[in-house]
Amino acid sequence: MAGQGDSSSSEKKSKEVMNDVSTFRAENLQNNMKVVYYSRTFLSIIGGAIAGILGLTGFVGFILYFIVMAITSIGLIAKAKFSLHSYFDCWNRIILDGFLGGLMSFVLFWTLAYDIVHIF
């Protein structure tokens, strides 16, 4: 059976575990996610315009999109000072969120810039 000394040590351990659990304020996490989405959207628009101006077509343009998104992810991680768990609840929030929304913006501005520069 556990004695009184054992119960206090288990209470101490549970308090230490509670201190190790990271908590996030919903407003701060939501603001951080807005920054990720806005950054991805803005750089997707810029990348799409660059791809259109350079006249990239086919898979080469999509490769440029993946390169731009990789650079964006690295930049956001560097902005978070490489401690993702201080600003986000999981690492894939900064790596993957906003990826497909940015793709639509990229294709839109890619075709627009390509048409303006090379067709008209």
Side-chain angles (χ1 to χ4, degrees):
M1 279 201 220
Q4 190 171 358
D6 292 337
S7 66
S8 67
S9 66
S10 66
E11 288 176 5
K12 186 177 180 181
K13 287 180 185 178
S14 67
K15 286 182 183 179
E16 289 175 4
V17 170
M18 290 297 287
N19 290 337
D20 289 343
V21 175
S22 60
T23 57
F24 296 100
R25 290 187 58 202
E27 297 86 14
N28 292 345
L29 187 61
Q30 186 177 18
N31 186 39
N32 293 342
M33 290 311 300
K34 276 186 197 177
V35 168
V36 170
Y37 284 124
Y38 290 153
S39 299
R40 287 197 184 278
T41 303
F42 178 72
L43 289 173
S44 295
I45 290 169
I46 298 299
I50 290 171
I53 291 170
L54 292 177
L56 302 179
T57 58
F59 288 116
V60 177
F62 287 109
I63 290 171
L64 178 68
Y65 174 73
F66 293 122
I67 291 170
V68 167
M69 286 299 105
I71 291 171
T72 303
S73 295
I74 292 169
L76 289 169
I77 291 169
K79 175 92 171 143
K81 298 177 184 158
F82 299 99
S83 81
L84 297 178
H85 295 290
S86 298
Y87 299 99
F88 299 96
D89 55 349
C90 58
W91 63 270
N92 64 355
R93 292 238 185 217
I94 198 165
I95 304 289
L96 300 175
D97 277 1
F99 194 77
L100 292 178
L103 181 63
M104 288 185 259
S105 299
F106 178 84
V107 171
L108 175 70
F109 280 88
W110 179 18
T111 56
L112 178 70
Y114 186 86
D115 289 346
I116 289 172
V117 172
H118 298 286
I119 293 178
F120 296 119

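Computed from a predicted model, the values in this text were never measured in an experiment. The chain is numbered in sequence order, starting from 1. Basis for what follows: all heavy atoms, side chains included, without hydrogens, waters or symmetry-related copies.
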Q: Would you check if the side chain of Trp110 reaches a backbone N or O of Phe62 as a donor-acceptor pair within less than 3.5 Å?
A: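 Such a contact is absent between Trp110 side chain and Phe62 backbone.
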
Q: Just to verify, what does Thr57 make a side chain to side chain contact (heavy atoms under 4.5 Å, CB included) with, not counting sequence neighbours?
A: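 With sequence neighbours excluded, Thr57 shows a side chain to side chain contact (heavy atoms under 4.5 Å, CB included) to Tyr114, given in chain and number order.
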
Q: Kindly indicate whether the side chain of Met69, heavy atoms from C-beta on, has any atom under 4.5 Å from the side chain of Ser44.
A: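 Contact flag for Met69/Ser44 side chains = yes.
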
Q: To the nearest 0.5 Å, tell me how far Lys79 NZ sits from Tyr87 OH.
A: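 So the gap between those two atoms works out to 9.0 Å.
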
Q: Supply the atom-to-atom distance Thr41 OG1 to Met104 CE, rounded to the nearest 0.5 angstrom.
A: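 Going from the OG1 atom of Thr41 to the CE atom of Met104 covers 9.5 Å.
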
Q: Honestly curious: do Ile46 and Tyr38 fall in one hydrophobic cluster under the side-chain, below-4.5 Å linking rule?
A: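 Shared cluster, no.
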
Q: Are Tyr65 and Phe99 close enough that their ring centers fall under 6.0 Å?
A: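 Yes: the rings meet the under 6.0 Å criterion.
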
Q: Looking at every non-hydrogen atom in both residues, tell me the closest pair between Val117 and Ile53 and how far apart they are.
A: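 Heavy-atom minimum between the residues: CG2-CG1, 4.1 Å.
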
Q: Looking only at heavy atoms, what is the nearest atom pair of Val68 and Leu43, with distance?
A: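 Minimum heavy-atom separation between Val68 and Leu43: CG1-O, 3.6 Å.
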
Q: Can you list the residues that meet the side chain to side chain contact (heavy atoms under 4.5 Å, CB included) rule with Tyr37, with sequence neighbours excluded?
A: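 With sequence neighbours excluded, Tyr37 shows a side chain to side chain contact (heavy atoms under 4.5 Å, CB included) to Met33, Asp97, given in chain and number order.
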
Q: Please check if Phe82 and Leu96 belong to a single hydrophobic cluster, counting links between Ile, Leu, Val, Met, Phe, Trp and Tyr side chain heavy atoms closer than 4.5 Å.
A: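 Yes: a chain of side-chain contacts under 4.5 Å links Phe82 to Leu96.
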
Q: Could you give the distance from CD1 (Ile71) to CZ (Phe66), rounded to the nearest 0.5 Å?
A: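 Reported to 0.5 Å precision, the distance equals 14.0 Å.
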
Q: List the residues meeting side chain to side chain contact (heavy atoms under 4.5 Å, CB included) with Leu112, not counting sequence neighbours, and say none if there are none.
A: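 For Leu112, the residues satisfying side chain to side chain contact (heavy atoms under 4.5 Å, CB included) (neighbours in sequence not counted) are Phe109, Ile116.
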
Q: For residues Ala113 and Gly48, report the shortest heavy-atom separation together with the two atoms involved.
A: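 Shortest heavy-atom separation between Ala113 and Gly48 comes out as CB-O, 4.5 Å.
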
Q: Any non-hydrogen side-chain atom of Leu103 less than 4.5 Å from a side-chain atom of Leu100?
A: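 The answer is yes, as the side chains (C-beta and beyond) meet within the 4.5 Å cut-off.
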
Q: Provide the closest heavy-atom pair for Ser73 versus Ile95 in the form atom of the first, atom of the second, distance.
A: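 Minimum heavy-atom separation between Ser73 and Ile95: OG-O, 3.7 Å.
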
Q: Would you call Phe88 and Val36 a side-chain contact if the rule is heavy atoms closer than 4.5 Å?
A: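 Yes, close enough: below the 4.5 Å cut-off.
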
Q: Using 0.5 Å steps for rounding, measure from the CD1 atom of Ile74 to the CD1 atom of Ile94.
A: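 Here the rounded value is 11.0 Å.
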
Q: Report yes if the side chains of Ile45 and Leu108 come closer than 4.5 Å at any heavy-atom pair, otherwise no.
A: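 With C-beta onward as the side chain, the pair stays apart.
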
